Amino acid sequence: MIKPDGVQRNLVGEIIARFEKKGYKLAALKMARPERSHLEEHYADLSGKGFFAGLIDYMASGPVVCMVWTGVNVVLEGRKMLGATKPSESAMGTIRGDFCVEVGRNVCHGSDSTDSAEHEIKLWFPEGVCEWDACTNAWIYEK
Ligand SMILES: Nc1ncnc2c1ncn2[C@@H]1O[C@H](COP(=O)(O)OP(=O)(O)OP(=O)(O)O)[C@@H](O)[C@H]1O
């Protein structure tokens, strides 16, 4: 997901391009202005944290761009592409390392496991995702 700061800072194309160029396949994409209750459900595991209210304010401050990307090891590798949660610890070359400064404005979210990806896909795309065959597959995967 591209968070409100990523949208406002015109990073949507840059972030999508990184995933496309890596070789992952886009399965769903939409811009959304979620209700606070939806964001509270998304971040339910952080509800006990002191920064929770600020996190929900931040996430509700503008539209987000939600995406589903598919590919071998996409959850693990996608998190590497995002970089560490705190931009001060994110390697240069990662999205957060290259484009942000503070943890509370870290421009993107990525599911941290396949289980949480499945849960989050249901939460953000109840209508389902798009099944399609990419003609580039044979150039990205051996078989
Ligand atoms: N100390 C903090 N102060 C302010 N915001 C924070 C802090 N820690 C985390 N956050 C915010 O909460 C989000 C979720 O934190 P979490 O620990 O789940 O990290 P993450 O899984 O890397 O992030 P995300 O779920 O956004 O991909 C962070 O991306 C960040 O926007």
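Just the heavy atoms: all of them, side chains too, but no hydrogens, waters or symmetry mates, feed the values below. No experiment lies behind these values; they were computed from the predicted model shown. Counting starts at 1 for both ligands and their atoms, following the listed order.
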Asker: So does Gly83 get a backbone contact from the side chain of Ser90, meaning a donor-acceptor N/O pair under 3.5 Å?
Answerer: no
Asker: With atom 9 (C) of ligand 1 as the reference point, say which of Tyr43, Tyr58, Phe51 has the nearest heavy atom.
Answerer: Phe51
Asker: Below 4.0 Å from any atom of ligand 1, is there a heavy atom belonging to Arg96?
Answerer: yes
Asker: Compute the minimum heavy-atom distance from Lys3 to ligand 1 and say whether it is under 4.0 Å.
Answerer: yes
Asker: Is it the side chain, the backbone, both or neither of Arg79 that has a heavy atom closer than 4.0 Å to ligand 1?
Answerer: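 The side chain, only.
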Asker: Which is it for Leu46 and ligand 1 at heavy atoms under 4.0 Å: side chain, backbone, both or neither?
Answerer: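 It is the side chain that touches ligand 1; the backbone stays farther off.
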Asker: Between Arg96 (side chain only) and Cys108 (backbone N and O only), is there a donor and an acceptor less than 3.5 Å apart?
Answerer: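 Here the side-chain-to-backbone pair exists.
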Asker: For the residue pair Pro4 and Met59, establish whether any side-chain heavy-atom pair is separated by less than 4.5 Å.
Answerer: yes
Asker: Classify the ring geometry of Tyr24 against Phe19: parallel below 30°, tilted from 30° to 60°, perpendicular beyond 60°.
Answerer: tilted
Asker: In the protein, which heavy atom is nearest to atom 24 (P) of ligand 1, and how far is it?
Answerer: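 Sorting protein heavy atoms by distance from atom 24 (P) of ligand 1 puts His109 ND1, 3.0 Å first.
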Asker: May I ask you to identify, for Lys86, whether its side chain, its backbone, both or neither come under 4.0 Å of ligand 1 on a heavy-atom basis?
Answerer: neither
Asker: Do side-chain atoms of Thr94 reach the backbone of Gly97 as a donor and acceptor pair under 3.5 angstrom?
Answerer: yes
Asker: Would you indicate which of Val107, Ile56, Thr85 comes nearest to atom 22 (O) of ligand 1 when only heavy atoms are counted?
Answerer: Thr85
Asker: May I ask you to decide whether Asp98 forms a salt bridge with Arg18, counting only side-chain N to carboxylate O separations under 4.0 Å?
Answerer: yes
Asker: Taking 4.0 Å as the limit for heavy-atom contacts, which would you say applies to Arg105 with ligand 1: side chain only, backbone only, both, or neither?
Answerer: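 It is neither part, as no heavy atom is under 4.0 Å.
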Asker: I'd like to check whether Asp112 has a polar contact with ligand 1, where a contact means an N/O of the residue lying under 3.5 Å from an N/O of the ligand.
Answerer: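 No, there is no polar N/O contact under 3.5 Å.
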Asker: Would you say the side-chain atoms of Trp132 pair up with the backbone N or O of Leu26, donor to acceptor, closer than 3.5 Å?
Answerer: yes
Asker: So which protein heavy atom does atom 11 (C) of ligand 1 come closest to, and at what separation?
Answerer: Leu55 CD1, 3.8 Å
Asker: Record the part of Val103 in heavy-atom contact with ligand 1 below 4.0 Å; permitted values are side chain, backbone, both and neither.
Answerer: both
Asker: Within a distance under 4.0 Å of any heavy atom of Gly110, pick out the atoms of ligand 1 and give their elements.
Answerer: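 That gives atoms 27 (O) of ligand 1.
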Asker: Keeping the roles fixed (side chain from Tyr141, backbone from Val72), state whether a donor-acceptor pair exists under 3.5 Å.
Answerer: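 Pair found, side chain donor or acceptor close to backbone of Val72.
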Asker: Treating Lys80 as the side-chain partner and Val75 as the backbone partner, does any N or O pair qualify as donor plus acceptor under 3.5 Å?
Answerer: no
